[in-house]
Colleague: 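Can you keep this structure in mind? I'll have questions shortly.
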2 protein chains.
Amino acid sequence: MDDQVLIRLQNWVTNSGLGEGDRLPPERTLCTELGVSRADLRKAYLVLEADGQLTRSVGRGTFLAKPKRPQRGDGMKRTIMSLAETTSPLEAMNARMVVEPQIAQLAAMHATPKQLQELARLSDQMRDATSWSRYEELDRDFHEMIAEAAGNSLLGAVHKIINRVRLVVVWRKLDTTDQRPPATYHSFAEHDAILAALQARNGEQAYAAMQAHLDSTLAMMTAPRTGGFQ
Amino acid sequence: MDDQVLIRLQNWVTNSGLGEGDRLPPERTLCTELGVSRADLRKAYLVLEADGQLTRSVGRGTFLAKPKRPQRGDGMKRTIMSLAETTSPLEAMNARMVVEPQIAQLAAMHATPKQLQELARLSDQMRDATSWSRYEELDRDFHEMIAEAAGNSLLGAVHKIINRVRLVVVWRKLDTTDQRPPATYHSFAEHDAILAALQARNGEQAYAAMQAHLDSTLAMMTAPRTGGFQ
DNA sequence: CCTCAGAAATTGGTTGACCATTTTTACACG
DNA sequence: CGTGTAAAAATGGTCAACCAATTTCTGAGG
């Protein structure tokens, strides 16, 4: 009976056409509209809030959070946080190296022209990033876009989990002298190589390029006292 | 302030040494012990219950659920259910084929003798299974044990997500004439081949054997009107 | 000593009134 | 017409009393 309320609420939200940051009706209104008690509605809100799918603040209202790439709110925040507590940086990188090269190979076959265009745009933006945190954000988008382009939503979600866990777990090198990625940063050329392989629709080459990129990143993590971050 | 209660509760549970099915103290007791209001404790209970980590029933009490293989309660139930709604059977199988052969390869290097022994026991039990549902359960344990033996907890969790999503999504062939797997069921020999490769510590062979097993299963799914399930 | 019905205690679940914060409105003042 | 301030409304959050299901205790009957 409790899951039922959550389902009805999620259906209501998707059918209402509300997007990121939009405000939901007040609890007292929505609960009568859904035909449930206010307490039951609040319980459903609570688990959605724990998953990071909405935010609430007294006096202001209840608002939808990020709509994300797989547009359905997925509710994997708690999974990611829980896994991050029991995962080492090396495990996170190794998991990446198992999954991502094959994802790149699939993407070479499945990526749409629009997705390739978006990847090229991200690659350019990364070169222009004026801070490490901005670069990190774009890099995350780049890799997640490739996973989306692989054309398997489950694989994309799994990649996202691994990548997000890694972002929580992997330390950033704090002793970098630069405030932003230098023009010669190794990942720039490696990202270009991956993108070129995808554009050439060459699966094996994309696999190898992604593997090389991750190898290089792992080496950067392992080797002390130099270079950047991913 | 709300996550804080959840953390404290989880710490309390892990430090209390309670195991599967054990009963927690009554709400009114535990909330004073943790120094929080009963309402706050119930909110924490609610999200844990939504993740399937505990069950409650009025008059009886609150009980811990399955302790699971990665003993830390992981809270990925909602992730699995959400992904299952947007994943097709073919996607689920393809995701498996990306991840599981490499997991088998890693397991060949990392599995402990005790894990290999457990795998052998599961393989025997599968041959003796007297119903499809019992076989299905043992098969799931067999594959998850291999993932655990790969020695990467994040990879293990990812495999578990894929496998659980697949179990929700993939239909079972209902027109099977047999009530239980026949003695000649293809998976028996394939499981043995995987196990043999693991015991021989032969990574490439384990990779190939797992790939062959999944290929055969996929073929079984695709080919109409015959055979069983996995 | 055993059995079993019924009362009492225990325990999770629910409801409605009330609280705290924010936004909106009203209105006086310049 | 603008502006600032206080009152009013709106909205999410909290709490204590009460409800319902279950278990445990008690004592009479045999």
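Numbered from 1 within each chain, the chains take letters A, B, ... in sequence-line order. Only this structure's heavy atoms are used, side chains among them; waters, hydrogens and symmetry mates stay out. Remember, predicted model here, so these are calculated numbers, not experimental data.
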Colleague: Measure CG/A/Asp40 against P/C/dG12 and give the value in whole Å, please.
Modeller: 18 Å

Colleague: Which residue lies toward the 5' end of DNA chain D, B/Ser57 or A/Arg42, if each is placed at its nearest nucleotide?
Modeller: A/Arg42

Colleague: Do A/Leu167 and A/Arg140 touch side chain to side chain, with heavy atoms closer than 4.5 Å?
Modeller: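 SC-SC contact between A/Leu167 and A/Arg140 confirmed.
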
Colleague: Nearest whole Å is fine: how far is D/dG13 P from A/Lys43 NZ?
Modeller: 16 Å

Colleague: For B/Leu24 and C/dT10, give me the distance from atom CG to atom C1', rounded to whole Å.
Modeller: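 Atom CG in B/Leu24 sits about 16 Å away from atom C1' in C/dT10.
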
Colleague: Atom CG of B/Leu46 and atom P of C/dG13: how far apart are they, to the nearest Å?
Modeller: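 Whole-Å distance recorded here is 9 Å.
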
Colleague: Is there a side-chain contact between A/Phe63 and A/Leu54, using heavy atoms and a 4.5 Å cut-off?
Modeller: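 A side-chain contact is absent here, since even the closest heavy-atom pair is not under 4.5 Å.
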
Colleague: Expressed as a whole number of angstroms, how long is the span from A/Leu54:CG to D/dG13:P?
Modeller: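 Going from A/Leu54 (CG) to D/dG13 (P), I get 10 Å.
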
Colleague: Angle between ring planes, A/His159 versus A/His143, binned at 30° and 60°: parallel, tilted or perpendicular?
Modeller: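 Rings of A/His159 and A/His143: parallel, as their planes differ by under 30°.
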
Colleague: Determine yes or no for a side-chain-to-main-chain donor-acceptor pair under 3.5 angstrom, with B/Gln102 supplying the side chain and A/Val98 the backbone.
Modeller: yes

Colleague: Which nucleotide, C/dT14, D/dG12, C/dG13, lies nearest any side-chain atom of B/Arg56?
Modeller: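 Between C/dT14, D/dG12, C/dG13, the one nearest the side chain of B/Arg56 would be C/dG13.
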
Colleague: Between B/Glu27 (CD) and D/dA21 (P), how many Å, whole number?
Modeller: 17 Å

Colleague: Quickly work out the A/Phe63 CZ to D/dA10 C1' distance and round it to whole Å.
Modeller: 12 Å

Colleague: Do the side chain of A/Arg38 and the base of C/dG16 come within less than 3.5 angstrom through a donor-acceptor pair of N or O atoms?
Modeller: no

Colleague: Could you check whether the side chain of B/Arg28 and the base of C/dG12 have a donor-acceptor pair of N or O atoms closer than 3.5 Å, going by distance alone?
Modeller: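 Answer is yes: a donor-acceptor pair is held.
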
Colleague: Could you say whether B/Ser37 or B/Arg23 is positioned toward the 5' end of DNA chain D, judged by the nucleotide with the nearest heavy atom to each?
Modeller: B/Ser37

